[in-house]
Engineer: 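Just passing along the structure, written as structure tokens.
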Amino acid sequence: CFAWGSASAQGAYPNHPISLVVPFAAGGPTDVVARSLGASMAKTLGQSIIIENRTGAGGTLASQHVARAAPDGYTFLIHHNGMATAPALYRKLSFNPLTDFAYVGQVADVPMTLLGRKDLPADGMAGFIKYAKENGNKVNLANAGLGAVSQLCGMLLQESLGVQFTTVPYAGTAPAMTALLGGQVDVLCDQTTQTIPQIKAQRVKLYGVTTLDRIKALPDAPTLQEGGLKGFEVKVWHGVYAPKGTPPEAIAKFNAALRTALKDPAFTQKMAELGAEIVPESKQTPEGLQTWLQAEVDKWGGIIRKVGVYAD
Ligand code: MLT
């Protein structure tokens, strides 16, 4: 057992590798951010950060795992909006995002992109809307399960078009993208951290971005709002969490390493290329994350309850 607050024979924290749990499949958007962030933070911490992909139930299995993990400063979670949507989406959630965690800070904001398979017979947003309305549930929409931002985006898209697609869930949008590239599914709404390389290589059809303004990384891409979906906005944010009860000294050290990484060109340049924006310093703190999470639970809870999507 690690002796906090006393001169330990095991040396100062951290004295062995730290696990950073990712709720979705390797190679996908959350994993890309986690691996790049972990590599940068490891330089400051002097210990490696091991990425652990724990997939399932739209990210909630990973959150549950970390909520129940030993609060010893060696298990952390990186998660996105799914942390805030889970309480409204799951009637029987085994953890509470607002009470079962210690908060480290936020990382980066990421736009999403609406994509079709390369040979989808619909061009531009006007073409997409027409195709979606004419084909309804014949359209296969991939996502990463209830609680994934691909699901959130797809849900808002169907709501705003007044259509019901056939949903095909995967363990992350990495396998969902593979299915889109292989033509097994028709449509995917996914983060630029995974989609920009596929868009640039013209392996998919890009219909638009989910932010209210156009983004620097894809300046020619219209927003979905410009394409006719008034007010459509999904922006993905990322937070780093630990089990509740994690020693404040460990949180402080992990947070300091996080803030250093958010200024490290090795991390920031990669994020910029992938359309992600580092959050302002006020959000890089435990308080900044906690306050934001509370507001997001309220915001998405209201939206999801109105649409009426949930799992028992
Ligand atoms: C992933 O990392 O696979 C995605 O973030 C899943 C999602 O759509 O939320």
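Note that ligands are numbered from 1 as they come in the structure, with each ligand's atoms numbered from 1 the same way. Below, all heavy atoms of this structure are taken into account, side chains as well, without hydrogens, waters or symmetry copies.
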Engineer: Going by ring pair (Phe, Tyr, Trp, His ring centres under 6.0 Å), name the residues that satisfy it together with Tyr207, two or more places apart in sequence or in a different chain.
Structural biologist: Phe128

Engineer: In sequence, state the C-alpha distance, the side-chain angles, and the governing distance for Arg117 and Asp186, and then conclude on salt bridge (charged side-chain N to carboxylate O under 4.0 Å, His left out).
Structural biologist: CA-CA 5 Å; Arg117 62 178 155 82; Asp186 303 310; 2.7 Å; yes

Engineer: Tell me, which residues have any heavy atom less than 4.0 Å from some atom of ligand 1?
Structural biologist: Phe24, Pro29, Thr30, His80, Ala144, Ala148, Val149, Ser150, Gly172, Thr173, Gln191

Engineer: Quick one: hydrophobic cluster around Phe24, which other residues, with the 4.5 Å side-chain cut-off, linked directly or via members?
Structural biologist: none

Engineer: Less than 6.0 angstrom separating the ring centers of Tyr74 and His16, yes or no?
Structural biologist: yes

Engineer: Considering only Ile, Leu, Val, Met, Phe, Trp and Tyr, and joining two whenever side-chain heavy atoms are under 4.5 Å apart, list the other residues clustered with Leu274.
Structural biologist: Val32

Engineer: Working note: Lys205 + Asp123, criterion salt bridge (charged side-chain N to carboxylate O under 4.0 Å, His left out); need CA distance, chi angles, decisive distance, verdict.
Structural biologist: CA-CA 8 Å; Lys205 261 188 191 172; Asp123 291 315; 2.9 Å; yes

